[in-house]
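Written out below as structure tokens is the structure these notes cover.
The analysis underlying the following values was restricted to heavy atoms, covering all of them including side chains, and did not include hydrogens, waters or symmetry mates. All ligand and atom numbering here is 1-based and tracks the order in the structure. Because the structure is predicted, anything quoted here is derived from the model rather than measured.
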Amino acid sequence: MTQNTPRTTDDATWWRSAVVYQVYVRSFADANGDGIGDLRGITQRLPYLRDLGVDALWLTPFYTSPQIDGGYDVADYRDVDPIFGNLDDFDTMIGQAHSLGLRVIVDLVPNHTSSAHPWFTAALAAGPGSAERERYLFRDGRGADGELPPNDWESIFGGPAWTRVADGQWYLHLFDPAQPDLNWRHPEVRAEFEEILRFWLDRGVDGFRIDVAHGMIKEEGLPDVGFGMLIDGRRQSSMLGSGRLPYFDQDEVHDIYRAWRPILDSYPGGRMAVAEAWAETPQRLARYIGPDELQQAFSFDFLDATWEAGSFRKVIDTALAEATIVGAPTTWVLSNHDKQRHVTRYGDGEVGLRRARAAALLMLALPGCTYLYQGEELGLPEVLDLPDELRQDPSFLRTGESRDGCRVPLPWEGTEPPYGFGPAGCDKSWLPAPASWAQLSVAAQTGVAGSTLELYRSALRIRRAHPGLAGSDDPVRWLDAAPGVLAFSRRATPDAPELVCVVNISAAPAPVGGYGPVLLASAPPTEVDGEIALPVDAAAWFERE
Ligand code: BGC
């Protein structure tokens, strides 16, 4: 079983090849039996994460919040919401994580606060023209009586990005009306967040995931997008990552990160930040990374790749080329709390699971930092049939699209929902887990040869130990392969053994005779015409001298 060694504080580049496990706090483990995951639940389950073999945890927001958007609506950035515990629970959790060799990254939500944040309630009370309103983006409306929103911006959650308050002014919210956008040209806003960074760094966090990192600065004058809320019949938000919008990826946002980097660097042990940023081109995304800005930005192109060899090949080549330009390894991610789980994206059911297992071996063989989303190691699918009345995603009410199906609490053990999510005998969970998840629980898969959990454990163990996989910067060397088959090798030094990864996305078994002994396979290799072959929708790692 993999045992992480306790971290060394001088390993400042740990994040370059780390495997980070995303904990969606309200759905990971519930220690107090209220049906909602909490910090003490995480602490109890830390040995599971150590044994899985990950290097770090990323915790979604656990701060004081009305929970309108799953905690991405923060009312107090320096405290824990009572549903998740308190600051002592946080200190215990991080202390134990560190002693098990696990680092901890927390989510920072700087683009907007909650409407319950004292700054926003003060802004509402103080009225138009007040200093309090300056911390947010309040504007007069258009039309004869200011009855129209100040511009044509659309909320990511659907509908106008503006809400009118009682005195007639409007305020901007790129997400829910309960998430007013801050004015990042205000020095007090900047100073406050620098203090918030220090607050958590002082408590020992190893890094931050920066929410909506591309959104804090809006173009001066807040100009119209120009096409109304629909562009060529598509919602504005469908331009995320492919078109220019006056509220995203403005050059000035980089000043903020240039101010944050010295703060991160002033603490020992390689404190880092990863941007959740969407930009028009990979080149613009790369601008968030560098020695004077952030260490990483999520590359969502891998997640968006379709189940085709060409699609993966293109995304991988682009990401590796960008990494070379910026001098920092890329990040790989297949699922997170905002996206349909990849088992389902790849076809659901048996086919989806086969492909998801293969995709995991592909991802974990690539150089750089990998982010896993809780439950992918169990092969969990999206829960598609949640009753509407239980769905809590604010975008569901406005657009009919809901992210609840990837947020269902984890199944740990037992035969009945919620499968050990809470303490013994507790039958509560904030979203119901399906009956089929009994076979997918941690207990049901532990020690079972060929289970998805054991596949991930083996993959992470080999990734940690094999010289071909350990480095963050070794080149990927593509090997000749049949159409629809991806094959590449990695070798750290000329005399170290080579690791070959083959993924069969074609319609026929792929001969893999020449690659050496199999280290790990997502499906058992077969024999075709006396030669060893990799089945369709499978991946394998080989060791070649
Ligand atoms: C988070 C979402 C959240 C949104 C608003 C996203 O980047 O991942 O879960 O709804 O930001 O904070």
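- Ion pairing of Asp30 with Lys428 is absent here, as no side-chain N (NZ or NE/NH1/NH2) approaches a carboxylate O to less than 4.0 Å.
- Using a 4.0 Å cut-off between charged side-chain N and carboxylate O, Glu293 and Arg258 make a salt bridge.
- Of the N and O atoms on the side chains of Asp107 and Trp58, at least one donor lies less than 3.5 Å from an acceptor on the other residue.
- Using a cut-off of 4.0 Å between Lys/Arg side-chain N and Asp/Glu carboxylate O, Asp167 and Arg133 are scored as salt-bridged.
- Ring orientation note: the planes of Tyr171 and Phe138 are tilted relative to one another, at an angle of 30° to 60°.
- Ring pair Trp200/Tyr267: centre-to-centre distance not below 6.0 Å.
- Enumerated by chain and number, the residues approaching ligand 1 to less than 4.0 Å through a heavy atom are Asp69, Tyr72, His112, Phe157, Phe175, Gln179, Arg209, Asp211, Val212, Glu276, His337, Asp338, Arg403, Arg407.
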